[in-house]
Amino acid sequence: MTTETTTKSRQARTAATRQRIIDAARTLFVARGYRSTSLRDIAAAASVSHPGLLGHFTSKDDLLAEVVAGFESDNEASFDLLAAAAESGELIFADVARRNARTPGYLELFAALTGEASAPEHPAHERMRDRYERLRALSTEVMSDAALHGTIDPDRAVAEETTRHMAGCDGLQLISQYLPDRVDVVRMLEERESLWALPPGWREPDQQAPTTTASGPPPSLQTALADNDAAAAAGYASGRRRRAQILADAMHLFARGGYGDTSLSDIAKAVGVSKSTLLHHYPSKELLLSAVLAERDRAIEDRAGGTPPERASDALRSIPDGATVSALDEPGLIEVYAVLSCEAVPPAHPAHAYFADRFARAIDYFAELFRLAQRDGDLSAHRDPEHEAVWLIAMWDGLQYQWLYDRGAVDVASHLRAHLADLLHPARR
């Protein structure tokens, strides 16, 4: 065997081992999440030693970069091919989603990374931010062409519609991981594309539903962890203060580093107590996570307190005001929700069931609001309340993700206000 042949054989083995490691990392990142997967896990799955893996990749961050780059290279090539094959003015977003759904691991990984990497310290933060910019450019080009050819009503603002559409796509991908039997990303996008042909603003339906006065929106969502709420309220004043401090610091650390990469020792150090003291208040990390999620829900409930509006449409139109308050006064609530809801995508995550239940109840809640608005004549008869509920939640979450990546460029409240103005009859005085 010649030296050249030996070199080529060695290079081929090296390339094969490297690819095997990347494939193992992709499988584990999808199944367990990036934060919950170690290099030793990946080495075992790839049938290489830990030192052997480090000979190819010096860190888990490097592996994540390879996995994301592989997915994105294929995705952008597919986007370009679909755009080239499409008729002039044809919208291709549902086709792209259909292709993504057929790519093993794609939806799971990016649903997880969208929020998880929103923390500036995450190794994929800059990469995901750049991804938003590339996708925004590609999407704007498609939508501008559609507006030029009349597929999208020319009065619609393409740049703003693109931002809201991208947000909806991200949110749908996430929700579909929790409620696969209830949320079909491709079907939802097909339905949204058909609505863009209508001019912006509320449209009177051909047959108006009878106008009646609603008795007000349904009761606000209850927290999913009422038992933890009750437990947190018990105890002496000093204990309550200590628990409040633990929850505040845990919420901050989970938002910065995620649940998987935050240890009880990290939290104890931030609070300024021993780990044993921390465990006295919260005997396990899972119970602490549950308490953090319950605290977030309670803070949102307290902020939304007050007399409910008389009409469901007024309750819906008040949403942007709440979004403004959240961004200005309580960004930590947005951060911890974004990171944990995406990190908990793998079914084995201790918060997965919480978010699945929360999404289901949120859809039910907003679908009922839209049904009441339709009954009042404030929502056109051609709109489906459940579809509008899913899209509103998905878009709202997606806008918050975009805001976390670039807080100066995305006004969540403004986009929500424009979307609701497109849906609802103008407020009646």
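Throughout, numbering of the chain's residues begins at 1 and tracks the sequence. None of these values were measured; they are calculated from a predicted model.
Counting only heavy atoms from C-beta outward, the side chains of Met128 and Phe110 approach each other to under 4.5 Å. Residues Val48 and Ile42 are not in side-chain contact: their nearest non-hydrogen atoms beyond the backbone lie 4.5 Å or more apart. Phe57 has its side chain out of reach of Leu39: every pair of non-hydrogen atoms, C-beta onward, lies at least 4.5 Å apart. With contacts defined as side-chain heavy-atom distances shorter than 4.5 Å, the pair Ile152/Leu91 qualifies. A heavy-atom distance below 4.5 Å is not found between the side chains of Ser176 and Asp184. Looking at Phe366 and Glu386, their side chains never come closer than 4.5 Å, going by heavy atoms from C-beta outward. Tyr282 places a side-chain heavy atom less than 4.5 Å from the side chain of Arg243. The closest side-chain heavy-atom distance from Val186 to Glu190 is below 4.5 Å.
Checked by atom type and distance alone, the side chain of Lys60 never pairs as donor or acceptor with a backbone atom of Ala25 at under 3.5 Å. Not a single donor-acceptor pair under 3.5 Å links the side chain of Ser380 to the backbone N or O of Arg383. The backbone N or O of Ser88 lies less than 3.5 Å from no partner atom in the side chain of His149, so there is not a single donor-acceptor pair. In this structure, Lys269 contributes its side chain and Leu264 its backbone to no donor-acceptor pair below 3.5 Å. Put simply, the side chain of Asp153 gets close to the backbone of Asp155: a donor and an acceptor are under 3.5 Å apart. Between the side chain of Tyr401 and the backbone N or O of Thr114, no donor-acceptor pair lies under 3.5 Å.
Classification of the Tyr106-Phe71 ring pair by plane angle, with boundaries at 30° and 60°, yields perpendicular.
The line from CD1 of Ile267 to NE2 of His252 is 11.5 Å long, rounded to the nearest 0.5 Å. In this structure, CG in Leu64 is found 13.0 Å from CZ in Arg26, a value given to the nearest 0.5 Å. Note: Thr27 OG1 to Ile22 CD1 = 12.0 Å, rounded to the nearest 0.5 Å. Going from atom CG of Asp384 over to atom CG of Leu379 covers 9.5 Å, rounded to the nearest 0.5 Å. Here Thr162 contributes atom OG1 and Leu135 contributes atom CG; the two are 11.5 Å apart, rounded to the nearest 0.5 Å. Here the OH atom belonging to Tyr132 is positioned 11.5 Å from the OG atom belonging to Ser139, to the nearest 0.5 angstrom.
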Begin with the C-alpha distance, continue with both residues' side-chain angles, and end with the deciding distance and a verdict on side-chain contact (heavy atoms from CB on, under 4.5 Å) for His419 and Trp391.
-> CA-CA 10 Å; His419 173 69; Trp391 185 260; 3.5 Å; yes
Where do Asp357 and Arg361 land on the salt bridge (Lys or Arg N to Asp or Glu O under 4.0 Å) test, with the steps shown first?
-> CA-CA 6 Å; Asp357 178 67; Arg361 290 185 296 110; 2.8 Å; yes
ring-ring contact (aromatic ring centres under 6.0 Å, His included) between His165 and Trp196: does it pass, once the steps are laid out?
-> CA-CA 11 Å; His165 172 71; Trp196 280 330; 5.0 Å; yes
Mind running side-chain contact (heavy atoms from CB on, under 4.5 Å) on Leu392 and Ile319 for me, showing each step along the way?
-> CA-CA 10 Å; Leu392 174 64; Ile319 289 173; 3.9 Å; yes
Evaluate ring-ring contact (aromatic ring centres under 6.0 Å, His included) for His387 paired with Phe370, printing each intermediate quantity in order.
-> CA-CA 10 Å; His387 172 95; Phe370 280 119; 9.9 Å; no
Test Glu295 against Val292 for side-chain contact (heavy atoms from CB on, under 4.5 Å), laying out the working first.
-> CA-CA 5 Å; Glu295 177 64 20; Val292 165; 5.6 Å; no
CA sep, side-chain torsions, deciding dist, call: Tyr354, Arg358, side-chain contact (heavy atoms from CB on, under 4.5 Å) = CA-CA 6 Å; Tyr354 164 85; Arg358 189 180 191 283; 3.6 Å; yes
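With Pro320 as reference, Leu420 is the one residue of Asp411, Val412, Leu420 to meet the side-chain contact (heavy atoms from CB on, under 4.5 Å) rule.
In terms of heavy atoms, Ala389 sits closest to Ile363 at CB-O, 3.7 Å. Across every non-hydrogen atom of Ala367 and Pro385, the tightest pair is O-CB, 3.7 Å. Shortest non-hydrogen contact noted between Leu179 and Ala356 is CD2-O, 3.7 Å. Of all heavy-atom pairs between Leu172 and Val185, the closest is O-CG2, 3.7 Å. Among all heavy-atom pairs drawn from Ala312 and Leu372, the shortest one is CB-CB, 3.6 Å. The nearest pair of heavy atoms linking Arg127 to Ala65 is NH2-CB, 3.2 Å.
Other residues, nucleotides and ligands contribute at most 12 non-hydrogen atoms within 6.0 Å of the CZ atom of Arg40.
With respect to Arg98 and Asp95, a salt bridge is recorded, a charged nitrogen being found less than 4.0 Å from a carboxylate O. By the 4.0 Å N-to-carboxylate-O rule, Arg187 lies too far from Glu193 to be salt-bridged with it. Salt-bridge check for Arg317 with Asp314: passed, with a basic side-chain N closer than 4.0 Å to an acidic carboxylate O. The pair Arg32-Glu108 fails the salt-bridge criterion, with no side-chain N (NZ, NE, NH1 or NH2) lying under 4.0 Å from an Asp/Glu carboxylate O.
Asp397 and Tyr337 are linked by a side-chain donor-acceptor pair at a separation below 3.5 angstrom, with hydrogens and angles left out of the test. The closest side-chain donor-acceptor pair between Ser318 and Asp321, if any, does not fall under 3.5 angstrom. In the model, Thr140 has no side-chain atom that pairs as donor or acceptor with a side-chain atom of Arg136 under 3.5 Å. Between the side chains of Gln19 and Asp23, at least one donor-acceptor pair of N or O atoms lies under 3.5 Å. One side chain, Thr58 or Asp62, offers a donor N or O that lies under 3.5 Å from an acceptor on the other. There is a side-chain donor-acceptor pair under 3.5 Å between Arg164 and His415. Checked by atom type, the side-chain pair Asp406/Gln402 shows no donor-acceptor distance below 3.5 Å. In this structure, a donor-acceptor pair under 3.5 Å is present between the side chains of Ser38 and Asp41.
Between His349 and Phe355, the ring center distance fails the sub-6.0 Å criterion.
The list of salt bridge (charged side-chain N to carboxylate O under 4.0 Å, His left out) pairs with a residue in residues 141-151, not counting sequence neighbours, is empty.
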